[in-house]
Amino acid sequence: MTRLAVPLSSLEGPGSTVNDHFAMSEDFAILEAEGDRIVSIEFAHNEKANDTKAAEFVADKGVEVVLAGRIGSCMARIFHDRGIKIFCGAEGTVEEAFKQYVAGRLMEVSPNPYQL
């Protein structure tokens, strides 16, 4: 079972749309997935949007993978330091983003060795 997080621009259940910018998200979908199917979805609200606390908030949910539209280097560093993989280019709904991930259509973000 894999635990994934998706930043949301609006909270509308499984039809919620992916927020294009991770750091601006207050709401997140936390997915439990097995293979190519979503087993469960829960939603989490973070009061501290637009802050590195968003990455810490999601990481503390025990996720292994983040699916995002875009993500900045500060957020990416927090996830990489915790061993969490990041995939960018996600768009549409939570379910569509998951399908893009399963199909290999999202780009994995690698750690930048030149960042402090």
Answer yes if [X] and [Y] sit in the same cluster of Ile, Leu, Val, Met, Phe, Trp and Tyr residues linked by side chain heavy atoms under 4.5 Å apart, and no otherwise.
X	Y	result
V65	V109	no
L67	M107	no
I38	L106	yes
F57	F43	no

Notebook entry, point to check: Which word best sums up how the rings of Y101 and F87 line up, parallel for under 30°, tilted for 30 to 60°, or perpendicular for over 60°?
Noted result: perpendicular
Next item on the list: For the residue pair F79 and F22, categorise the inter-ring angle as parallel (less than 30°), tilted (30 to 60°) or perpendicular (more than 60°).
Entry: perpendicular
Can you tell if the side chain of [X] reaches within under 4.5 Å of the side chain of [Y], non-hydrogen atoms only?
X	Y	answer
I86	H80	yes
E26	N46	no
F98	V6	no

Note to self: Among V66, V58, V94, exactly one meets side-chain contact (heavy atoms from CB on, under 4.5 Å) together with F28. Which residue is that?
What the structure shows: V58
Next item on the list: Could you pull out all residues at least two apart from E32 that satisfy salt bridge (charged side-chain N to carboxylate O under 4.0 Å, His left out)?
Entry: R3
Item checked: Nonpolar side-chain network containing M1, other nodes, edges under 4.5 Å -> V39
Notebook entry, point to check: Going by the salt bridge (charged side-chain N to carboxylate O under 4.0 Å, His left out) test, which pairs reach into residues 6-18, not counting sequence neighbours?
Noted result: none
Next item on the list: Only counting residues at least two apart or in another chain, list the ones meeting side chain to side chain contact (heavy atoms under 4.5 Å, CB included) with N19.
Entry: P7, S9, H21, M24, S25
Next item on the list: Kindly write out the residues that satisfy side chain to side chain contact (heavy atoms under 4.5 Å, CB included) with E91, not counting sequence neighbours, or none if the list is empty.
Entry: Q100
Item checked: G69 to C88 - nearest heavy-atom pair and separation -> O-CB, 3.6 Å
Margin query: Quick check: closest heavy atoms across A90 and V18, and the distance to 0.1 Å?
Written below: O-CG1, 3.9 Å
Note to self: Test: side chain to side chain donor-acceptor pair (under 3.5 Å). Region: residues 58-70. Which pairs qualify, not counting sequence neighbours?
What the structure shows: D20-R70, D60-R82
Next item on the list: Please lay out, stage by stage, how V63 and I84 fare under the test side chain to side chain contact (heavy atoms under 4.5 Å, CB included).
Entry: CA-CA 7 Å; V63 302; I84 298 168; 4.2 Å; yes
Check: Say you draw a straight line from CD1 of I30 to CG of L4; how long is it, rounded to the nearest 0.5 Å?
Finding: 9.0 Å
Notebook entry, point to check: Just by modelled atom types, is the S16 backbone N or O under 3.5 Å from a matching donor or acceptor in the S10 side chain?
Noted result: no
